[in-house]
2 protein chains.
Amino acid sequence: MHSPDSHTHLEIPGLRMTKQRKEVYRVLVDGPQDHPTAAQILERVKCNQPGTSLATVYNCLEVLVEHNAIKQVNFDRESSRYCPNLREHGHFHDTNSGQIHDITFKPGIQLADILELPPGTSIEEYEITLRGKLKTSEQSS
Amino acid sequence: MHSPDSHTHLEIPGLRMTKQRKEVYRVLVDGPQDHPTAAQILERVKCNQPGTSLATVYNCLEVLVEHNAIKQVNFDRESSRYCPNLREHGHFHDTNSGQIHDITFKPGIQLADILELPPGTSIEEYEITLRGKLKTSEQSS
DNA sequence: TTGCACATTAGAATTATTCCAAAAAAGACT
DNA sequence: AGTCTTTTTTGGAATAATTCTAATGTGCAA
């Protein structure tokens, strides 16, 4: 028995786990949580599955997203990034370091509570992305 | 005398208003508020300024965004859209009608109040986009 | 084992956008 | 107006990310 949101056994209900799919998923789940792009994922996948193609990485990412196993994250028109964090969250892009941080709502906050939504709205998905700078201790000039 | 946030005279401080820039801006400000793409803007601009090129529309949009006269809006990896609404707001994409609606925060809500931000974060910009369906009265099956 | 549906692949195609170099326009100053 | 300089515009080429295509591979099931 494991926690309900863990897929660390690398199985996804209803999806045939080929070696490529498994490896793409593995790279996201237990590789660095740095929101890699398809091209970066390909590099990582190649360590264990050399010969994998970029097209396959895109294919795998597509089915994984469709099966709600991972999320696709977009910053402006940059290359899409992918993340295995399935909890509701947004992203903060620190333009100092280039790093992307997951951002959660404060406890008890619901998106619908804070937005002026037209009556009869049903939200299927949302994306919250922030851009700014994280002030580090060594901020001098 | 007019309201402080109106630029309906089609002047933007610090920006030379060529006929193309003026027309691109005008199309956004007093054309339909449907968040058009660059290609759609070009079509509209051509009514008054035929011969305008897509490259110019992109150029104009770029300087307008830089001068904070309009905002660029991205939905996933779709073509960028542009909107003249400078108030803080997000966007709701109704997948029934294809329409995009501006969404504001409920009064008094600040983004920083509701998100668990790392200490020392300064937000420079953010984007909130929702996707879902707006239930209309003629929803049957 | 053979058949079949699904996956993967390399490379071509597509799409949105940016780049480029040349022509045109806008000021500024006589 | 006439000339000079700088900024804009333009069409087309270039780029980047992603998707498509057609051929090949793989693995389960009968």
Side-chain angles (χ1 to χ4, degrees), chain A residues 10-27 35-67 69-83 93 100 127 129, chain B residues 10-27 35-67 69-83 93 100 127 129:
Chain A
L10 303 179
E11 289 301 325
I12 290 154
L15 186 58
R16 193 148 107 191
M17 285 311 256
T18 63
K19 36 190 201 328
Q20 291 87 344
R21 285 176 183 170
K22 201 173 295 188
E23 187 59 17
V24 166
Y25 187 45
R26 202 191 58 71
V27 154
H35 303 81
T37 63
Q40 292 173 318
I41 292 166
L42 176 61
E43 288 317 299
R44 297 173 193 183
V45 162
K46 277 180 169 167
C47 300
N48 287 312
Q49 295 292 334
T52 302
S53 74
L54 183 55
T56 297
V57 171
Y58 274 110
N59 289 341
C60 293
L61 290 169
E62 183 179 52
V63 296
L64 289 170
V65 169
E66 280 168 357
H67 282 72
I70 62 173
K71 283 194 189 169
Q72 182 170 7
V73 181
N74 296 296
F75 279 90
D76 301 336
R77 306 216 81 259
E78 293 168 16
S79 187
S80 287
R81 297 171 175 280
Y82 298 86
C83 98
H93 183 192
I100 290 163
E127 199 158 22
T129 55
Chain B
L10 303 181
E11 288 301 325
I12 290 154
L15 185 60
R16 194 148 106 191
M17 286 312 257
T18 63
K19 37 189 199 333
Q20 291 87 343
R21 285 175 182 169
K22 201 173 297 190
E23 187 60 15
V24 166
Y25 187 45
R26 201 190 58 72
V27 154
H35 304 80
T37 62
Q40 293 173 319
I41 292 166
L42 175 62
E43 287 319 299
R44 297 174 193 182
V45 162
K46 276 180 169 168
C47 301
N48 286 311
Q49 295 291 334
T52 302
S53 75
L54 183 55
T56 297
V57 171
Y58 274 109
N59 290 341
C60 294
L61 291 170
E62 182 179 50
V63 296
L64 290 170
V65 169
E66 280 167 357
H67 283 72
I70 62 173
K71 283 194 189 169
Q72 183 169 8
V73 181
N74 296 296
F75 278 91
D76 300 334
R77 307 217 80 258
E78 292 169 15
S79 186
S80 289
R81 297 172 174 280
Y82 298 85
C83 97
H93 184 188
I100 291 163
E127 199 158 23
T129 55

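Letters A, B, ... mirror the listed sequences (proteins, then strands); counts begin at 1. The structure presented is a predicted model; accordingly, all values stated were derived computationally and were not measured.
- Taking atom CG of Leu42(A) as the reference point, atom P of dT8(C) lies 13 Å away to the nearest angstrom.
- Note that CD1 of Ile12(A) and CD of Glu66(A) are 12.0 Å apart. Values are rounded to the nearest 0.5 Å.
- Contact annotation: Arg77(B) side-chain N/O to dT18(D) OP1/OP2 distance is under 4.0 Å.
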Along nucleotides 4-14 of chain D, 5' to 3', which nucleotides get a B, which get an S, and which get a -, given that the test is a protein heavy-atom distance under 4.0 Å?
---SSBBB---
Given Val73(A) and Glu127(A), is the side chain to side chain contact (heavy atoms under 4.5 Å, CB included) satisfied, shown in steps?
CA-CA 8 Å; Val73(A) 181; Glu127(A) 199 158 22; 4.1 Å; yes
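- Note on Tyr58(B): every side-chain N or O is 4.0 Å or more away from OP1 and OP2 of dT18(C).
- Glu62(A) has its CD atom 14 Å from the C1' atom of dC6(C), to the nearest Å.
- Contact annotation for Ser80(B): backbone-only contact, meaning every heavy-atom pair under 4.0 Å involves sugar-phosphate atoms and none involves a base.
- Here the shortest heavy-atom pairing between Ala38(A) and Tyr58(A) reads CB-CZ, 3.6 Å.
- At distances below 3.5 Å, not a single donor-acceptor pair connects side-chain atoms of Gln49(B) with backbone N or O atoms of Lys19(B).
- The CZ atom of Arg81(A) sits 16 Å away from the C1' atom of dT18(D) (whole-angstrom rounding).
- Taking both residues in full, the closest heavy atoms of Arg21(A) and Cys60(A) are given as CG-SG, 3.6 Å, listed atom of the first, atom of the second, then distance.
- Checked against side-chain hydrogen bond (donor to acceptor under 3.5 Å, both in side chains), Thr52(B) has no partners two or more places apart in sequence or in another chain.
- Distance Gln40(A) CD to dA17(D) C1': 13 Å, rounded to the nearest Å.
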